[in-house]
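Ligands are counted one by one from 1 in listed order, and the atoms in each one are counted from 1 as well.
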Amino acid sequence: MIGIGVIGYGYWGPNLVRNFADIPSVDLRWVCDLQTERLARLRLRYPAVQITEDMNTVLADPKVDAVAIATPVSTHFDLAMQALKAGKSVFVEKPITATSEEAQRLIEEADKRGLVIAVDHTFIHTGAVKKLRELIKGDLGEVYYYDSVRVNLGMFQRDVSVMWDLAVHDLSIMDFVLDARPVAVSAIGMAHVDGSPENIAYLNLHFDCKLMAHVHVNWLAPLKVRRTLVGGSNKMVVYDDLEPSEKIKVYDRGITLDPMAPKAGERINQMRIGYRAGDMFAPQLDIVEALGAELSEFVTCVEQGKGPIADGAAGLRVVRILEAATRSMANGGVVVKLPGERVLA
Ligand SMILES: NC(=O)c1ccc[n+]([C@@H]2O[C@H](COP(=O)([O-])OP(=O)(O)OC[C@H]3O[C@@H](n4cnc5c(N)ncnc54)[C@H](O)[C@@H]3O)[C@@H](O)[C@H]2O)c1
């Protein structure tokens, strides 16, 4: 059995608790939160789970192998570092940390101690995103663009902007499905509430190939939209996460190019553009709960000392983009280069 402690029982923590409680090889030993009334709610549903307001109590339990951290972003680094130093593997909510330097330090600490560090990039464990990855690696051809909209009348967060709250999902999905990595980013955004971080943002990701990506996130939209378009040279995909079953639709549509004979005196050959409008199909998707699959993977990694799909390095790549986008936004949307892929100095 793998002993687990969950730190943070606010909005998202109960989902971690529910899913850990369903994994047969998990001994869910502790839930910790600073707010006693939240723990009282937990006690009613999970009377066998011990509760505490002090994370040190959890870390002092030798039967706890790993902790899952679902507290505000600004606290992720300190809590995760304390856990690693106490010899516990860590599953931490997205984004992994508030800075890339912090993420790098967590990766180094986990490596040094032979512990697992995983970040909750929930969407990469959904059937839809797994299918999107399969299509991008197969039928789509050369990927030309990735265009994502994630907007709703959302909960304004005090410690993070909409970009650090919602675009994390798009960036982690892109990190998982695309072979290419962005080399630079530019972003604009705005705060409509004084003293609050930006509630609307537009990010452009630049690649050193013929691919462009755009992410639009907004907490001040009248409708909930979760839609991504991916255009390839052979096929195109629409991924709509709000569709109940047909979340992925593959369109056999695009253009055909035929060279035209050059006119006298013209140096460049003109291309004749034709349009191809073939079938649409909606592939069958896995319907397991993503968070359950993700936590099962984490527990297996702790048991076997393996690295998870969304490891510290994946968390770091996403935070590097968010940091660069934040710098761009503060400087009127200038293009900010992303550092190389090497994780450790
Ligand atoms: N993966 C997802 O789809 C998803 C969805 C929502 C939130 N999240 C992430 O989950 C994290 C928490 O978000 P939330 O919306 O649940 O926040 P929240 O404010 O509702 O809950 C956070 C809880 O942490 C507790 N807490 C804070 N510091 C603590 C400490 N030192 N020890 C113990 N408890 C402490 C607070 O008392 C609170 O109950 C964030 O990182 C957020 O980005 C992820």
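Between Val151 and Val217, every side-chain heavy-atom pair lies at or beyond the 4.5 Å cut-off.
When Leu34, Thr71, Asp33, Val92 are checked for heavy-atom proximity to atom 37 (O) of ligand 1, Asp33 turns out nearest. Of the candidates Glu37, Glu93, Gln82, it is Glu93 that places a heavy atom closest to atom 8 (N) of ligand 1.
Paired with Asp240 under the rule salt bridge (Lys or Arg N to Asp or Glu O under 4.0 Å), one option of Arg150, Arg227, Arg226 passes, and it is Arg227. Between Leu166 and the choices Asn218, Asn152, Val160, Leu171, the side-chain contact (heavy atoms from CB on, under 4.5 Å) rule is met once, by Asn152.
Scanning all protein heavy atoms for the shortest distance to atom 21 (O) of ligand 1 gives Gly10 CA, 3.3 Å. Atom 22 (C) of ligand 1 has its closest protein heavy atom at Ala70 O, 3.6 Å. Annotation: atom 7 (C) of ligand 1 to nearest protein heavy atom, Trp12 CB, 3.7 Å.
Counting the atoms of ligand 1 from 1 in the order shown, those under 4.0 Å from a heavy atom of Ile7 are 32 (N), 33 (C). Ligand-side atoms of ligand 1 in range of His169: 2 (C), 3 (O), range being under 4.0 angstrom from any heavy atom. In the vicinity of His76, heavy-atom distances shorter than 4.0 Å reach the ligand 1 atoms 41 (O). Ligand-side atoms of ligand 1 in range of Pro72: 22 (C), 24 (O), 27 (C), range being under 4.0 angstrom from any heavy atom. Ligand 1 places these atoms under 4.0 Å from at least one heavy atom of Gln35: 36 (C), 37 (O), 39 (O).
Proximity of atom 13 (O) of ligand 1 to the protein is not indicated, since no non-hydrogen protein atom lies closer than 4.0 angstrom. Protein heavy atoms are absent from the space less than 4.0 angstrom from atom 19 (O) of ligand 1.
The distance from the OH atom of Tyr239 to the CG atom of Leu135 is 13.0 Å, given to the nearest 0.5 Å.
Here Arg105 does not pair with Glu109 in a salt bridge; the nearest charged N to carboxylate O distance is not below 4.0 Å.
Among all heavy-atom pairs drawn from Ser148 and Asp170, the shortest one is OG-OD1, 2.6 Å. Cys32 and Leu39 make their closest contact through C-CD2, 4.2 Å (heavy atoms, listed as atom of the first residue, atom of the second, distance). Contact record, Ala290 with Thr122: CB-O, 3.6 Å, taken as the closest heavy-atom pair.
Side-chain polar atoms of Thr36 and Glu53 form a donor-acceptor pair below 3.5 angstrom.
With a heavy-atom cut-off of 4.0 Å, Glu53 does not touch ligand 1 at all. By the criterion of a heavy-atom distance under 4.0 Å, the side chain of Thr122, and not its backbone, is placed next to ligand 1. Under 4.0 Å from ligand 1, not a single heavy atom of Val168 appears.
Checked by distance only, ligand 1 and Tyr11 come closer than 3.5 Å through their nitrogen or oxygen atoms. In terms of N/O distances under 3.5 Å, ligand 1 is approached by Lys94.
Close to ligand 1: Arg38, with a non-hydrogen atom less than 4.0 angstrom away.
A cation-pi contact links Arg133 to Phe176, judged by a cut-off of 6.0 Å to the six-membered ring centre and 45° from its axis.
Ring geometry for Tyr202 against His216 counts as parallel: the plane angle stays under 30°, on a 0 to 90° scale with 60° as the upper cut.
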